[in-house]
Colleague: 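The following block contains the structure, expressed as C-alpha coordinates.
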Amino acid sequence: MKIEVLKRLQEQSDAQADEVRRLLERHGVALINIMGSPGSGKTTLLEATLSALSPEPSALRCVVLEGDLATVQDAERIAELNVPVAQLLTEGGCHLKPGLIHSALERFDLAAVDCVFVENVGNLVCPAGFDLGEHARVVVLSVPEGDDKITKYPYMFQRSDAVVVSKIDLLPMCRFDLHRVRRDLQAINPNAALYEVSALMPTEPPAHAAKTTDAWLHWVRDTVARTVRSSSRGS
Amino acid sequence: MHELSIAQSLLDIALAEAAEHGAQRISTIRLRIGGLRQVVEESLRQAFDILAEGSLAQRSTLDIDWVPSAWRCARCGCSMAIDDAPDVCSCGSRERTFEGSDDLLLTSLDLECDDED
(Lines give C-alpha, C1' and ligand atoms only; values in the text may rest on other atoms or scores of the structure.)
Protein backbone atom coordinates (compact mmCIF):
# COMPACT_ATOMS: atom_id res chain seq x y z
CA MET A 1 0.00 0.00 0.00
CA LYS A 2 1.45 3.31 -1.07
CA ILE A 3 0.58 6.36 0.99
CA GLU A 4 1.36 10.00 0.20
CA VAL A 5 2.91 11.80 3.15
CA LEU A 6 4.58 15.04 1.97
CA LYS A 7 5.88 16.03 5.38
CA ARG A 8 8.86 18.27 6.03
CA LEU A 9 11.49 16.36 7.99
CA GLN A 10 12.10 19.39 10.16
CA GLU A 11 8.49 19.93 11.10
CA GLN A 12 9.11 19.06 14.74
CA SER A 13 12.35 20.99 15.02
CA ASP A 14 10.75 24.04 13.38
CA ALA A 15 7.81 23.84 15.78
CA GLN A 16 10.26 23.90 18.71
CA ALA A 17 12.00 26.89 17.14
CA ASP A 18 8.68 28.72 16.90
CA GLU A 19 8.12 27.95 20.59
CA VAL A 20 11.49 29.55 21.41
CA ARG A 21 10.53 32.62 19.37
CA ARG A 22 7.17 32.92 21.11
CA LEU A 23 8.80 32.63 24.55
CA LEU A 24 11.31 35.37 23.64
CA GLU A 25 8.72 37.64 22.09
CA ARG A 26 6.53 37.44 25.21
CA HIS A 27 9.43 39.12 26.99
CA GLY A 28 10.50 41.36 24.12
CA VAL A 29 13.86 39.63 23.73
CA ALA A 30 15.79 39.26 20.45
CA LEU A 31 17.84 36.18 19.63
CA ILE A 32 20.82 36.43 17.31
CA ASN A 33 22.31 33.16 16.03
CA ILE A 34 26.02 33.51 15.29
CA MET A 35 27.57 30.90 13.02
CA GLY A 36 30.88 30.35 11.25
CA SER A 37 33.85 28.00 10.94
CA PRO A 38 35.87 26.91 13.99
CA GLY A 39 38.40 29.68 14.59
CA SER A 40 36.60 32.28 12.49
CA GLY A 41 36.45 34.56 15.52
CA LYS A 42 32.88 34.13 16.73
CA THR A 43 33.77 34.32 20.42
CA THR A 44 36.17 37.21 19.89
CA LEU A 45 33.53 39.12 17.93
CA LEU A 46 31.08 38.43 20.77
CA GLU A 47 33.54 39.68 23.39
CA ALA A 48 34.12 42.91 21.46
CA THR A 49 30.42 43.34 20.74
CA LEU A 50 29.35 42.74 24.34
CA SER A 51 31.95 45.20 25.61
CA ALA A 52 30.79 47.83 23.14
CA LEU A 53 27.13 47.34 23.98
CA SER A 54 27.50 47.43 27.76
CA PRO A 55 28.25 51.10 28.62
CA GLU A 56 25.34 53.13 30.02
CA PRO A 57 23.13 54.94 29.24
CA SER A 58 22.32 52.85 26.18
CA ALA A 59 23.44 49.49 27.58
CA LEU A 60 21.85 46.40 26.10
CA ARG A 61 21.20 43.64 28.62
CA CYS A 62 22.69 40.57 26.96
CA VAL A 63 22.84 36.86 27.65
CA VAL A 64 25.04 34.40 25.78
CA LEU A 65 24.44 30.73 25.00
CA GLU A 66 27.71 29.14 23.96
CA GLY A 67 27.41 26.05 21.79
CA ASP A 68 30.34 23.67 21.53
CA LEU A 69 31.10 19.99 21.18
CA ALA A 70 33.21 20.03 24.32
CA THR A 71 34.82 22.24 27.01
CA VAL A 72 33.52 25.33 28.78
CA GLN A 73 36.37 27.58 27.61
CA ASP A 74 34.20 29.93 25.59
CA ALA A 75 31.68 30.37 28.40
CA GLU A 76 34.54 31.26 30.73
CA ARG A 77 35.70 33.97 28.34
CA ILE A 78 32.21 35.49 28.25
CA ALA A 79 31.77 35.19 32.02
CA GLU A 80 34.88 37.33 32.49
CA LEU A 81 32.93 40.19 30.96
CA ASN A 82 30.24 39.75 33.65
CA VAL A 83 27.71 38.75 31.02
CA PRO A 84 25.35 35.91 32.02
CA VAL A 85 26.28 32.84 30.01
CA ALA A 86 25.36 29.16 29.65
CA GLN A 87 27.56 26.60 27.94
CA LEU A 88 25.59 24.18 25.78
CA LEU A 89 27.53 21.03 25.00
CA THR A 90 26.37 18.97 22.05
CA GLU A 91 28.71 16.08 22.94
CA GLY A 92 29.69 15.42 19.36
CA GLY A 93 26.59 16.91 17.73
CA CYS A 94 27.57 19.22 14.89
CA HIS A 95 24.90 21.88 15.45
CA LEU A 96 22.61 23.29 18.11
CA LYS A 97 18.93 22.33 18.21
CA PRO A 98 16.00 24.50 19.30
CA GLY A 99 15.04 22.21 22.19
CA LEU A 100 18.43 22.81 23.79
CA ILE A 101 17.97 26.58 23.44
CA HIS A 102 14.52 26.44 25.02
CA SER A 103 15.69 24.60 28.11
CA ALA A 104 18.73 26.89 28.46
CA LEU A 105 16.55 30.00 28.29
CA GLU A 106 14.56 28.76 31.27
CA ARG A 107 17.62 29.39 33.45
CA PHE A 108 17.47 33.16 32.84
CA ASP A 109 15.09 35.90 33.95
CA LEU A 110 14.06 36.98 30.45
CA ALA A 111 12.22 40.02 31.79
CA ALA A 112 15.67 41.49 32.51
CA VAL A 113 17.15 40.67 29.09
CA ASP A 114 17.15 42.54 25.76
CA CYS A 115 19.21 40.22 23.58
CA VAL A 116 20.32 36.60 23.57
CA PHE A 117 23.37 35.79 21.50
CA VAL A 118 23.74 32.14 20.56
CA GLU A 119 27.17 31.06 19.41
CA ASN A 120 26.55 27.98 17.32
CA VAL A 121 28.96 25.07 16.89
CA GLY A 122 31.80 26.01 14.53
CA ASN A 123 30.68 24.54 11.22
CA LEU A 124 29.53 26.04 7.90
CA VAL A 125 27.24 23.15 6.89
CA CYS A 126 25.07 21.63 9.60
CA PRO A 127 23.91 24.69 11.61
CA ALA A 128 22.60 26.33 8.42
CA GLY A 129 19.58 24.05 8.21
CA PHE A 130 18.37 24.35 11.80
CA ASP A 131 16.15 27.22 12.92
CA LEU A 132 16.80 27.87 16.63
CA GLY A 133 14.02 30.41 17.05
CA GLU A 134 16.31 33.30 16.15
CA HIS A 135 15.35 36.74 14.87
CA ALA A 136 18.55 37.15 12.91
CA ARG A 137 21.39 34.99 11.60
CA VAL A 138 24.96 36.12 11.40
CA VAL A 139 27.82 34.33 9.65
CA VAL A 140 31.36 35.21 10.70
CA LEU A 141 33.84 34.69 7.85
CA SER A 142 37.46 35.36 8.71
CA VAL A 143 40.00 36.61 6.16
CA PRO A 144 42.45 33.66 6.67
CA GLU A 145 39.70 31.16 5.75
CA GLY A 146 39.73 32.39 2.17
CA ASP A 147 37.30 34.20 -0.09
CA ASP A 148 35.75 31.05 -1.60
CA LYS A 149 33.48 30.14 1.32
CA ILE A 150 30.25 31.56 -0.07
CA THR A 151 30.69 29.49 -3.24
CA LYS A 152 31.36 26.35 -1.22
CA TYR A 153 28.75 26.76 1.51
CA PRO A 154 25.91 28.56 -0.24
CA TYR A 155 23.12 27.51 2.14
CA MET A 156 24.77 29.05 5.18
CA PHE A 157 25.23 32.40 3.43
CA GLN A 158 21.90 32.32 1.61
CA ARG A 159 20.06 32.12 4.94
CA SER A 160 22.07 34.80 6.72
CA ASP A 161 20.91 38.31 7.57
CA ALA A 162 24.41 39.63 8.11
CA VAL A 163 27.92 38.50 7.19
CA VAL A 164 30.78 39.74 9.34
CA VAL A 165 34.18 39.53 7.66
CA SER A 166 36.51 39.24 10.63
CA LYS A 167 40.28 39.66 11.09
CA ILE A 168 40.15 42.30 8.37
CA ASP A 169 43.56 43.57 9.56
CA LEU A 170 45.06 40.38 8.04
CA LEU A 171 44.02 41.34 4.49
CA PRO A 172 47.55 42.33 3.43
CA MET A 173 48.85 38.90 4.49
CA CYS A 174 46.16 36.69 2.95
CA ARG A 175 44.80 35.84 -0.45
CA PHE A 176 41.36 37.25 0.15
CA ASP A 177 39.49 39.24 -2.45
CA LEU A 178 36.81 41.24 -0.66
CA HIS A 179 35.23 42.10 -4.02
CA ARG A 180 34.70 38.42 -4.69
CA VAL A 181 32.98 37.96 -1.33
CA ARG A 182 30.69 40.94 -2.04
CA ARG A 183 29.93 39.62 -5.52
CA ASP A 184 29.14 36.08 -4.33
CA LEU A 185 26.97 37.36 -1.49
CA GLN A 186 25.13 39.68 -3.87
CA ALA A 187 24.46 36.70 -6.16
CA ILE A 188 23.13 34.41 -3.47
CA ASN A 189 21.62 36.78 -0.92
CA PRO A 190 21.37 40.41 -2.00
CA ASN A 191 19.57 41.39 1.22
CA ALA A 192 22.36 40.37 3.59
CA ALA A 193 24.41 43.13 5.19
CA LEU A 194 28.20 42.84 5.16
CA TYR A 195 30.50 44.26 7.83
CA GLU A 196 34.27 44.25 8.09
CA VAL A 197 35.68 44.07 11.60
CA SER A 198 38.92 43.65 13.42
CA ALA A 199 37.73 42.73 16.87
CA LEU A 200 41.16 42.38 18.46
CA MET A 201 42.30 45.85 17.39
CA PRO A 202 39.37 47.99 18.46
CA THR A 203 41.49 51.07 19.17
CA GLU A 204 43.40 51.28 15.94
CA PRO A 205 41.83 49.22 13.19
CA PRO A 206 42.09 50.33 9.57
CA ALA A 207 39.92 53.44 9.28
CA HIS A 208 37.39 51.75 7.02
CA ALA A 209 37.01 48.78 9.39
CA ALA A 210 36.36 51.14 12.29
CA LYS A 211 33.49 52.59 10.34
CA THR A 212 31.96 49.22 9.54
CA THR A 213 32.50 47.99 13.13
CA ASP A 214 30.22 50.86 14.17
CA ALA A 215 27.79 49.80 11.46
CA TRP A 216 27.83 46.23 12.85
CA LEU A 217 27.03 47.47 16.36
CA HIS A 218 24.29 49.61 14.90
CA TRP A 219 22.87 46.55 13.12
CA VAL A 220 22.78 44.62 16.42
CA ARG A 221 20.97 47.47 18.21
CA ASP A 222 18.58 47.82 15.30
CA THR A 223 17.80 44.10 15.28
CA VAL A 224 17.02 44.21 19.00
CA ALA A 225 14.91 47.36 18.68
CA ARG A 226 12.93 45.87 15.79
CA THR A 227 12.20 42.71 17.78
CA VAL A 228 11.12 44.65 20.87
CA ARG A 229 8.82 46.83 18.76
CA SER A 230 7.10 43.84 17.19
CA SER A 231 6.78 41.95 20.50
CA SER A 232 4.30 42.26 23.32
CA ARG A 233 6.76 44.38 25.32
CA GLY A 234 6.93 46.95 22.55
CA SER A 235 3.21 47.23 21.93
CA MET B 1 26.88 14.88 10.37
CA HIS B 2 23.52 16.68 10.29
CA GLU B 3 22.57 13.43 8.51
CA LEU B 4 21.99 11.83 11.93
CA SER B 5 19.35 14.45 12.87
CA ILE B 6 17.77 14.11 9.45
CA ALA B 7 17.69 10.30 9.68
CA GLN B 8 16.08 10.49 13.13
CA SER B 9 13.29 12.82 11.94
CA LEU B 10 12.78 10.65 8.89
CA LEU B 11 12.40 7.55 11.04
CA ASP B 12 10.08 9.28 13.53
CA ILE B 13 7.71 10.48 10.80
CA ALA B 14 7.76 7.15 8.92
CA LEU B 15 7.03 5.14 12.08
CA ALA B 16 4.20 7.47 13.10
CA GLU B 17 2.59 7.11 9.66
CA ALA B 18 3.04 3.33 9.72
CA ALA B 19 1.41 3.10 13.15
CA GLU B 20 -1.49 5.26 12.00
CA HIS B 21 -2.12 2.90 9.09
CA GLY B 22 -1.61 -0.25 11.18
CA ALA B 23 1.31 -1.37 8.99
CA GLN B 24 3.54 -4.34 9.82
CA ARG B 25 6.47 -3.14 7.80
CA ILE B 26 7.66 -0.12 5.85
CA SER B 27 9.16 -1.40 2.60
CA THR B 28 10.03 1.90 0.88
CA ILE B 29 10.49 5.47 2.07
CA ARG B 30 10.60 8.16 -0.62
CA LEU B 31 12.39 11.41 0.06
CA ARG B 32 13.08 14.66 -1.72
CA ILE B 33 16.32 16.40 -0.77
CA GLY B 34 17.52 19.70 -2.21
CA GLY B 35 21.19 20.09 -3.09
CA LEU B 36 21.51 23.15 -0.82
CA ARG B 37 21.28 20.87 2.20
CA GLN B 38 24.63 19.32 1.33
CA VAL B 39 23.46 15.95 2.65
CA VAL B 40 25.99 13.14 2.26
CA GLU B 41 24.03 10.19 0.89
CA GLU B 42 26.21 7.49 2.39
CA SER B 43 26.07 9.08 5.86
CA LEU B 44 22.30 9.44 5.67
CA ARG B 45 21.80 5.81 4.64
CA GLN B 46 24.21 4.57 7.29
CA ALA B 47 22.60 6.65 10.06
CA PHE B 48 19.14 5.52 9.00
CA ASP B 49 20.11 1.83 8.95
CA ILE B 50 21.49 2.06 12.48
CA LEU B 51 18.52 3.98 13.88
CA ALA B 52 15.92 1.83 12.12
CA GLU B 53 17.27 -1.48 13.39
CA GLY B 54 14.60 -3.48 15.19
CA SER B 55 11.79 -1.16 14.06
CA LEU B 56 9.13 -1.46 11.32
CA ALA B 57 11.53 0.48 9.10
CA GLN B 58 14.36 -2.04 9.39
CA ARG B 59 15.73 -2.74 5.91
CA SER B 60 13.37 -0.18 4.31
CA THR B 61 14.57 1.06 0.95
CA LEU B 62 15.36 4.78 0.92
CA ASP B 63 14.36 6.11 -2.49
CA ILE B 64 15.88 9.59 -2.69
CA ASP B 65 14.94 12.22 -5.26
CA TRP B 66 17.88 14.65 -5.30
CA VAL B 67 16.97 18.16 -6.43
CA PRO B 68 20.13 19.72 -7.84
CA SER B 69 21.43 23.11 -6.78
CA ALA B 70 23.98 24.99 -8.81
CA TRP B 71 25.49 28.31 -9.71
CA ARG B 72 24.60 29.60 -13.15
CA CYS B 73 26.90 31.86 -15.12
CA ALA B 74 25.21 35.20 -15.73
CA ARG B 75 26.88 35.58 -19.12
CA CYS B 76 26.91 32.19 -20.88
CA GLY B 77 24.23 30.51 -18.74
CA CYS B 78 26.28 27.38 -18.04
CA SER B 79 25.63 25.49 -14.82
CA MET B 80 28.37 25.00 -12.19
CA ALA B 81 27.97 22.39 -9.45
CA ILE B 82 28.28 23.69 -5.87
CA ASP B 83 30.99 21.17 -5.10
CA ASP B 84 33.44 22.34 -7.73
CA ALA B 85 32.34 25.73 -9.00
CA PRO B 86 35.34 27.57 -10.44
CA ASP B 87 36.12 31.12 -9.40
CA VAL B 88 35.81 32.23 -13.01
CA CYS B 89 33.53 30.59 -15.58
CA SER B 90 35.24 29.16 -18.68
CA CYS B 91 33.65 32.03 -20.65
CA GLY B 92 35.64 34.47 -18.51
CA SER B 93 32.72 35.88 -16.51
CA ARG B 94 32.66 36.11 -12.72
CA GLU B 95 29.02 37.15 -12.50
CA ARG B 96 26.70 34.37 -11.42
CA THR B 97 23.29 33.62 -10.03
CA PHE B 98 22.23 30.81 -7.76
CA GLU B 99 19.52 28.23 -8.26
CA GLY B 100 18.94 25.93 -5.35
CA SER B 101 16.42 23.87 -3.46
CA ASP B 102 16.44 23.27 0.29
CA ASP B 103 13.66 20.70 0.19
CA LEU B 104 13.82 18.11 2.93
CA LEU B 105 10.65 16.07 2.56
CA LEU B 106 9.28 12.63 3.17
CA THR B 107 7.08 12.33 0.09
CA SER B 108 5.53 8.85 0.32
CA LEU B 109 5.76 5.40 1.88
CA ASP B 110 5.12 1.83 0.78
CA LEU B 111 3.57 0.00 3.72
CA GLU B 112 2.90 -3.68 4.20
CA CYS B 113 -0.29 -4.38 6.09
CA ASP B 114 -1.68 -7.73 7.27
CA ASP B 115 -5.17 -7.20 5.92
CA GLU B 116 -3.87 -6.61 2.39
CA ASP B 117 -4.95 -9.14 -0.23
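All values derive from a computational prediction rather than experimental measurement. A note on names: the letters A, B, ... follow the listed sequences, proteins ahead of strands, and every chain is numbered from 1.
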Colleague: Say whether A/Asp184 and A/Thr151, considering side chains only, have a donor N or O and an acceptor N or O under 3.5 Å apart.
Modeller: yes
Colleague: For A/Glu11, is it the side chain, the backbone, both, or neither that has a heavy atom closer than 4.5 Å to a heavy atom of chain B?
Modeller: neither
Colleague: Is a salt bridge present between A/Arg77 and A/Glu47, judged by a nitrogen-to-oxygen distance below 4.0 Å?
Modeller: yes
Colleague: Just so I understand: if I count every heavy-atom pair under 4.5 Å between each of B/Asp103, B/Asp12, B/Leu36, B/Thr97 and chain A, which residue has the most?
Modeller: B/Leu36
Colleague: Considering only NZ, NE, NH1 and NH2 on the basic side and carboxylate oxygens on the acidic side, decide whether A/Arg137 and A/Glu134 come within less than 4.0 Å.
Modeller: yes
Colleague: Could you check which of A/Pro154, A/Gly129, A/Ser13 has the highest count of heavy-atom pairs closer than 4.5 Å to chain B?
Modeller: A/Pro154
Colleague: Looking at A/Arg182 and A/Glu196, is any side-chain nitrogen of the basic one under 4.0 Å from a carboxylate oxygen of the acidic one?
Modeller: yes
Colleague: Answer with side chain, backbone, both or neither: which region of B/Ile13 has an atom nearer than 4.5 Å to a non-hydrogen atom of chain A?
Modeller: side chain
Colleague: Do A/His135 and A/Glu25 have side-chain atoms, one donor and one acceptor, less than 3.5 Å apart?
Modeller: yes
Colleague: Can you tell which part of A/Phe130 gets under 4.5 Å to a heavy atom of chain B, answering side chain, backbone, both or neither?
Modeller: side chain
Colleague: What part of A/Arg8 is in contact with chain B, defined as an atom under 4.5 angstrom from a non-hydrogen atom: side chain, backbone, both or neither?
Modeller: both
Colleague: Quick one: which of B/Leu105, B/Ile6, B/Asp110, B/Leu109 has the most heavy-atom pairs under 4.5 Å with chain A, could you say?
Modeller: B/Leu109
Colleague: Quick one: of B/Arg96, B/Arg32, B/Met80, B/Arg94, who has the most non-hydrogen atom pairs under 4.5 Å with chain A?
Modeller: B/Arg94
Colleague: Does the side chain of A/Ser103 pick up a donor-acceptor pair with the side chain of A/Glu106 at under 3.5 Å?
Modeller: no
Colleague: May I ask you to say whether A/Arg226 pairs ionically with A/Asp222, meaning some side-chain N is under 4.0 Å from a carboxylate O?
Modeller: yes
Colleague: What part of A/Lys152 lies closer than 4.5 angstrom to a heavy atom of chain B: side chain, backbone, both or neither?
Modeller: backbone
